[in-house]
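To start, the structure itself, in structure tokens.
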Amino acid sequence: MTLQPANIFKDVEKIRENAPLVHNITNYVVMNTTANALLAIGASPVMAHAVQEVEDLAGIAGALVLNIGTLNDGWIDAMFRAAKTAKSKQVPIVLDPVGAGATPYRTQTAKDLIRASAPSIIRGNGSEIMALCGQSQSTKGVDSTSESNLAVDAAKILAREIGCTVCVTGETDYIVSAQALYEVKNGHALMPRVTGLGCTATAICGAFAAVNPEFDKAAAHAMAVMGIAGEIAAEISSGPGTLQVNFIDALYQLSETDIKKRLKA
Amino acid sequence: MTLQPANIFKDVEKIRENAPLVHNITNYVVMNTTANALLAIGASPVMAHAVQEVEDLAGIAGALVLNIGTLNDGWIDAMFRAAKTAKSKQVPIVLDPVGAGATPYRTQTAKDLIRASAPSIIRGNGSEIMALCGQSQSTKGVDSTSESNLAVDAAKILAREIGCTVCVTGETDYIVSAQALYEVKNGHALMPRVTGLGCTATAICGAFAAVNPEFDKAAAHAMAVMGIAGEIAAEISSGPGTLQVNFIDALYQLSETDIKKRLKA
Amino acid sequence: MTLQPANIFKDVEKIRENAPLVHNITNYVVMNTTANALLAIGASPVMAHAVQEVEDLAGIAGALVLNIGTLNDGWIDAMFRAAKTAKSKQVPIVLDPVGAGATPYRTQTAKDLIRASAPSIIRGNGSEIMALCGQSQSTKGVDSTSESNLAVDAAKILAREIGCTVCVTGETDYIVSAQALYEVKNGHALMPRVTGLGCTATAICGAFAAVNPEFDKAAAHAMAVMGIAGEIAAEISSGPGTLQVNFIDALYQLSETDIKKRLKA
């Protein structure tokens, strides 16, 4: 199925107008990056993990983003509590199962979170999504460009079982739901050289899910915006350092014309 | 009351000469940013939160900066201990009540910290300062540009009750003490789009408080420097990504001429 | 002893080809920076500290990097476990004793880690290395440019006692083992103004140790690459903000010609 630039940009405009609160319980490595990406696209990020307050914040958020990148038991407890509240208040949950397949602890935590409070969107790389289906174990937790392709069947199984949207990112991004399959071919080869751009994709899904209740479209729009901003940034960057910085500027400046001109989906 | 560029720059020179140790117990999102800002202005930052060592560090620091941005009970315990030591050694304490008003946990923690060891400077946005006075509850913990103005009365009450300087930042920054009220109108609209520049303002207050025992002047000088560096950076930035980077360079390169030319206070 | 540009670049090529997994248990301030530096040089970083998974990851890693920059007891426990596994699987351990000498807690923790599982490489500034030998106590934990020189004797004692490579960084970097002493004079005066470049040097040692089992050469090559990338970056930077970003690009683009042209070792 194809995406419409006008619809993608409509979501961007809604984010810029409403500045939805996106509550993140995420990993230490990417907190600064994802907060800046959410601010750049127009959302209002909050990072909070204390059990004393996660329910307060998840309950009033436009979306809850859970990311297990540097998990430990205290943080997981907070994720379960926040997810339960989000679920009860119809706040969409976006899950990033970082490193699922790399250690049993991560695989099991991701599966437990999904079982306890089904996310609206799961965003991962090929090996992570396959690990959630028990199909594969990557010993390094790092995906290759071909794997997003190989993980589509796993994504379909997950999407059906959980009743959610599954977003497998890679050279091509596949966004799978019961109703739809979107393929987004935007992006740039330098992007995986910047730490946390996968986590940023997940956070940006949160911003789109906060303004678009059709979560498969929200996720597909988010991936198109990520890829297009990455392309714009890569054209003026001489490596992953400048790419990280220019990517934030590109998100901030993104126009409907950029989307029309560049969208490959 | 007005600020003198020469006095502001005198503080900058003292920071550059003495490289005061600024001990930060701060949030995960901004640690890298505030450490870099402190290094850029000439201070020597240390981030440490273990109860086994916070007293050792707070006791020898030029200033202690407490920031509750990603608080939990372990970190709060460390803040209380460090603050008690700082107080007993006459080390100035600067508090950033991030998100006060957004959750009861944050509001209460900020109030408890203030009651246990009165800070020399409290730096927050309008809604945070009002929440500390019980005047307002922002459901999102995000200030609007008009609120710094609305919070001046709250700041005056707090300043009197606690006997400290209260710094409310926004489009105009208000620095309030028993003796003085400074208004700093420097800064740029893009600055709130960079995560952690409020937290950075607080950290920079720490550097100035370490060299200037008139804490209202120290805070006002810090806000002038923040705003001016932000303006310089914004002129060569195409979005919040480049602004974050150029802001650090501007702090590093700041000259007396820059201050003379740009100060609006 | 002198270094050969061709041998340095051979290690870089091996890192780029093999993308060794570098498992980091490191501090909050630098996680994003060191992950990006490892990606830029071609390695595959993972940050993980949960006791439930550190053994799984350390056991399959090409190197384990331990950094006590924002230590607390939970993280130290994870470091001991990961180090024990790494040791049993012949995975090289690289230790950064951040702030040893600044607090007894840091000095003791670093010593305990070394005693429990001898690292292959210890990388620190002059005062940290001297503190590990009980020779000096810096009250600020910050080294001066002259100290790397003063710490060479301490490094020799440590290297002999522990049977490891000790790398003292400063204006000149000294890499000391039982067999060799390398001096690397590359680098730029602006580098210490960027937070975490010392920690990054340690992480990069991990990448080199993963592909070169002669750990003194690995550490010396890593320091040469750090210094040269820093010089290249500094030439196009106007302060520490742009330096941090350009440094990542320089690591990513580093060529054999750059090394041949610039190496001072």
Side-chain angles (χ1 to χ4, degrees), chain A residues 16 18-62 70 74-75 77-78 229 232-233 236-237 241-254, chain B residues 26-36 47 67-76 98-109 137-144 189-200 233-234 236-249:
Chain A
R16 288 177 181 169
N18 303 342
L21 183 70
V22 179
H23 177 198
N24 300 269
I25 307 179
T26 188
N27 73 71
Y28 302 120
V29 185
V30 306
M31 279 190 191
N32 191 269
T33 310
T34 61
N36 272 325
L38 285 167
L39 281 169
I41 195 72
S44 178
V46 65
M47 272 60 186
H49 65 286
V51 291
Q52 291 89 343
E53 67 174 0
V54 287
E55 290 153 321
D56 294 334
L57 288 166
I60 59 162
T70 54
W75 285 64
D77 183 19
I232 293 170
I236 56 167
S237 299
T242 39
L243 182 65
Q244 186 178 34
V245 168
N246 292 327
F247 173 76
I248 297 293
D249 284 4
L251 276 183
Y252 177 73
Q253 300 211 344
L254 196 74
Chain B
T26 187
N27 74 70
Y28 302 120
V29 184
V30 305
M31 281 191 191
N32 190 270
T33 309
T34 62
N36 272 325
M47 273 62 185
N67 176 309
I68 64 167
T70 54
L71 77 179
N72 74 15
D73 280 358
W75 286 64
I76 293 167
V98 181
T103 67
Y105 184 50
R106 290 178 186 236
T107 312
Q108 196 56 48
T109 298
Q137 292 286 346
S138 162
T139 53
K140 284 181 60 180
V142 176
D143 64 341
S144 70
L190 198 55
M191 293 177 75
R193 289 295 176 133
V194 179
T195 194
L197 280 193
C199 303
T200 300
I236 56 167
S237 299
S238 39
T242 41
L243 181 65
Q244 185 177 35
V245 167
N246 292 327
F247 173 77
I248 297 294
D249 284 5

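Predicted, not measured: the structure shown is a model, and the values here were computed from it. Lettering follows sequence order; numbering is per chain, from 1. Basis for what follows: all heavy atoms, side chains included, without hydrogens, waters or symmetry-related copies.
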A:Gln52 side, atom CD; B:Thr109 side, atom OG1 - distance, nearest 0.5 Å: 8.0 Å
Nearest heavy-atom neighbours spanning B:Arg193 and A:Ala40: NH1-O, 4.3 Å
Where is the tightest heavy-atom contact between B:Ser238 and A:Tyr252, given as atom of each residue plus distance? O-CD2, 4.5 Å
Could you grab the distance from atom CZ of B:Arg106 to atom CG of A:Leu57, nearest 0.5 Å is fine? 6.5 Å
Residues in ring-ring contact (aromatic ring centres under 6.0 Å, His included) contact with B:Tyr28, at least two apart in sequence or another chain: A:Tyr28, A:His49, A:Trp75, B:Trp75, C:Tyr28
For chain B, the option from A:Asn32, A:Thr34, A:Thr242 that forms the most heavy-atom pairs under 4.5 Å: A:Asn32
Just by modelled atom types, is the B:Gly239 backbone N or O under 3.5 Å from a matching donor or acceptor in the A:Gln253 side chain? no
Counterpart residues, salt bridge (charged side-chain N to carboxylate O under 4.0 Å, His left out), relative to B:Asp73 (two or more places apart): none
Region of B:Val245 that comes under 4.5 Å of a non-hydrogen atom in chain A: side chain
Would you indicate whether the side-chain heavy atoms of A:Met47 and B:Thr195 approach each other to under 4.5 Å? no
Using non-hydrogen atoms only, which part of B:Thr33 is less than 4.5 Å away from chain A: side chain, backbone, both, or neither? side chain
Flag the pair A:Glu53 / B:Leu71 as yes when at least one side-chain heavy-atom distance between them is below 4.5 Å, and no otherwise. yes
Chain B: which of A:Leu251, A:Leu39, A:Ile248 shares the most heavy-atom pairs with it under 4.5 Å? A:Leu39
Heavy-atom side-chain contact between A:Asn36 and B:Pro240 under 4.5 Å: no
